[in-house]
Amino acid sequence: EGLLGEAGDAPAGKSAVYYTLFLTGVATIAPAYFGYTLGFTSPSLLPMEASKAHGVFPSSVADAGGIGSTQGSYFGSLVNVGCMIGGLLSAPVSNLAGRKWAITLAAVPWCLSWAWIAYRSTFAELVVARILSGIATGIVSAAVPTFLNEVAPTSIRGAVGAVNQLAVTVGIWLVYFLGFMLEEKGQLTVYSCDAAGPNKGCEDIVKEWSCDADTHKCVGPLSSWRDLAWVASGIGALMFVCALTLLPETPAFLASKGKLGAARRVLLQLRETVEEAERDLQSLQPAAINDEGVAAMLPSAEADAAGMKHAEAANRPTAFDQLRALFEKGVRMQFGIGCALMLAQQFSGINAVIFFSSEILVEAGMDNTSLGTVIIGSVQVGATAVSVLLMDRAGRRPLLLFSLAAMMCSAGLMAVFFFNGKNPPALALVALMCYIIGFSLGLGPIPWLIMGEIFPTHVRAAASAVATVLNWTCSFIVTLTFQDLADAMTPGGVFTAFAAICLFFFAFVFKYVPETRGKTFEEIASLF
């Protein structure tokens, strides 16, 4: 009867695909929350800095126009520090407690930190809460791709993995949309309309602002950032309940702990045929099964006991051993590719494009920048949804190459726009949309997907954690230094550099990144 021949066991059949998609929907509440966390400052930072009623950060008007706040900048960027810490914690939490519990437990600091942000106002409290939310973000940014790759069958693993990035973009869009819907006209405290200086009109600071004739203060639409924070806290509570009650532990984690009977039961729910489940169980823990498959042929409780006894007898690797294993032959190439794709994702210019998007939309004639960010978010969600459909048809490698080529050309057009005195606006608008579509089709989702595919099971959590920390470190560096680079090199120079970076990584992907579409984890390992 084979490994799964226990009486009464039967595969889920066609319903296995629907169950996998259901689990994908539940698990991706976390990356949607991750996107909401990252996008929060876009509608919220200005009212936190400048609102008379709800401002919490001392601010000033910069000489060139615009609100400036050192505390606000720290609040926006320090989430990356929390993400680095969370990335480091993700490996031990995932290895000790499991993928399910890593996702579930991350919801606790998320929920509490957002309630704290909504309720409190001091700089120290807000920064601590922001870092705490970043820790939760860092944990799930590594744990969720691992979970999705370990539950998905080979035939739809690419699409399931791409849903992770789709959920991130949905979360970003949601906070943009809610920020737009929760706007109210508010008075600002940082500027008097009739004050002497370079900014004599409120529209010089933000285009849709106007001057109140009675108070001589700028007024304009401001989002209710505390309401946005309360929504985030509610999403955290929903995520905790759903993950706790609906997600199973992954077969790979259960098998790594010697729980072969439990791994078998989960696989029978996730695979359409006995043969597919049997093949996957054999590939997950070959060392825990003898040549005749005796352990897995036992009833579930006995199989668990036999597997756990074997696992306890084995030498368990320490965290240092797992990190050292990343540089051993047979792993270091995969590790290098995973890290390189994370570098490409952050240093190819996506943060710069988002940073300049409002300015580009204004130059193109759009007065309401809040609505503009909603439109940009919608384009990103739509393009990422298309990538889900293409991932298991076109393949990872062609999509990556197309993505980098499109981004390179778009960054070049952006450079032309800025070098030409911000003309013509239509050129920048086309380049902006093409860049976002290109990123969303490939370089946005695929690094996270490949991270869960190319690493062997015994180092997957550690490798994913290190790659995640690298990603967030690069994000922090870009966020912290981008404005200084733009001032030193001019925006045109920065976008020229981004085009060159995209060209370099296009060559890297062409030479070193293999196609993983339709391949089992064993087949992928044989590529290196």
Heavy-atom pair of closest approach, residues [X] and [Y]:
| X | Y | value |
| --- | --- | --- |
| Trp448 | Gln165 | CD1-OE1, 3.8 Å |
| Thr169 | Thr384 | CG2-OG1, 3.6 Å |
| Gly138 | Thr468 | O-CG2, 3.9 Å |
| Ile117 | Ala229 | CG2-CB, 4.0 Å |
| Ala255 | Ala263 | N-CB, 4.1 Å |
| Leu399 | Ala394 | CG-CB, 4.2 Å |

Any chance the rings of Trp472 and Phe34 have centres within less than 6.0 Å?
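Trp472 vs Phe34: aromatic centres under 6.0 Å.
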Between Phe40 and Trp114 (judged by ring centroids, cut-off 6.0 Å), do the two rings come close enough to count as a pair?
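Between Phe40 and Trp114, the centre distance is under 6.0 Å.
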Could you tell me whether the side chain of [X] and the main chain of [Y] form a donor-acceptor pair under 3.5 Å?
| X | Y | value |
| --- | --- | --- |
| Ser223 | Gly179 | yes |
| Thr28 | Pro31 | no |
| Ser44 | Thr41 | no |
| Ser256 | Phe253 | yes |
| Ser113 | Arg130 | no |
| Ser141 | Thr137 | yes |
| Arg396 | Met391 | yes |
| Asn149 | Pro145 | yes |

Report the distance from atom [atom1] of [X] to atom [atom2] of [Y], rounding to the nearest 0.5 Å.
| X | Y | atom1 | atom2 | value |
| --- | --- | --- | --- | --- |
| Ile375 | Ile436 | CD1 | CD1 | 11.0 Å |
| Cys474 | Asn80 | SG | CG | 10.5 Å |
| Phe335 | Leu470 | CZ | CG | 8.0 Å |
| Trp116 | Ser233 | CH2 | OG | 13.0 Å |
| Leu88 | Ile139 | CG | CD1 | 10.5 Å |
| Ile446 | Ser387 | CD1 | OG | 7.5 Å |

Do [X] and [Y] get their side chains close enough for a donor-acceptor pair, meaning under 3.5 Å?
| X | Y | result |
| --- | --- | --- |
| Trp110 | Thr37 | yes |
| Ser526 | Glu523 | no |
| Ser94 | Trp101 | no |

Find out whether [X] and [Y] are in side-chain contact, i.e. whether some heavy atom of one side chain is under 4.5 Å from a heavy atom of the other.
| X | Y | result |
| --- | --- | --- |
| Leu174 | Ile235 | yes |
| Ile350 | Tyr435 | yes |
| Leu228 | Pro43 | yes |
| Leu247 | Phe147 | yes |
| Pro514 | Ile337 | yes |
| Ile501 | Leu343 | no |
| Trp173 | Gln380 | no |
| Pro153 | Arg271 | yes |

Mind running side chain to side chain donor-acceptor pair (under 3.5 Å) on Glu453 and Thr516 for me, showing each step along the way?
CA-CA 8 Å; Glu453 288 186 319; Thr516 59; 2.7 Å; yes
Between Leu400 and Ile450, does the side chain to side chain contact (heavy atoms under 4.5 Å, CB included) criterion hold? Intermediate values first, please.
CA-CA 11 Å; Leu400 267 178; Ile450 285 185; 4.3 Å; yes
Show your working on side chain to side chain contact (heavy atoms under 4.5 Å, CB included) between Met451 and Met342 and close with a plain yes or no.
CA-CA 9 Å; Met451 182 178 71; Met342 292 300 180; 3.6 Å; yes
Crowding at [atom1], [X] (>12 non-hydrogen neighbours, <6.0 Å):
| X | atom1 | result |
| --- | --- | --- |
| Phe419 | CZ | yes |
| Met489 | CE | yes |
| Phe508 | CZ | yes |

Mind running side chain to side chain contact (heavy atoms under 4.5 Å, CB included) on Met407 and Leu443 for me, showing each step along the way?
CA-CA 9 Å; Met407 292 165 64; Leu443 201 56; 3.7 Å; yes
Hey, is Glu249 close enough to Arg99 for a salt bridge, meaning N to O under 4.0 Å?
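Looking at Glu249 and Arg99, the cut-off is not met.
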Distance under 6.0 Å and angle within 45° of the ring axis: does Arg397 meet both against Phe510?
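Cation-pi check for Arg397 and Phe510: passes.
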Option among Thr250, Asp280, Leu254, Val151 that satisfies the side chain to side chain contact (heavy atoms under 4.5 Å, CB included) test with Leu267:
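Only one option passes, and that is Asp280.
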Given Glu125 and Thr122, is the side chain to side chain contact (heavy atoms under 4.5 Å, CB included) satisfied, shown in steps?
CA-CA 5 Å; Glu125 289 173 324; Thr122 70; 2.9 Å; yes
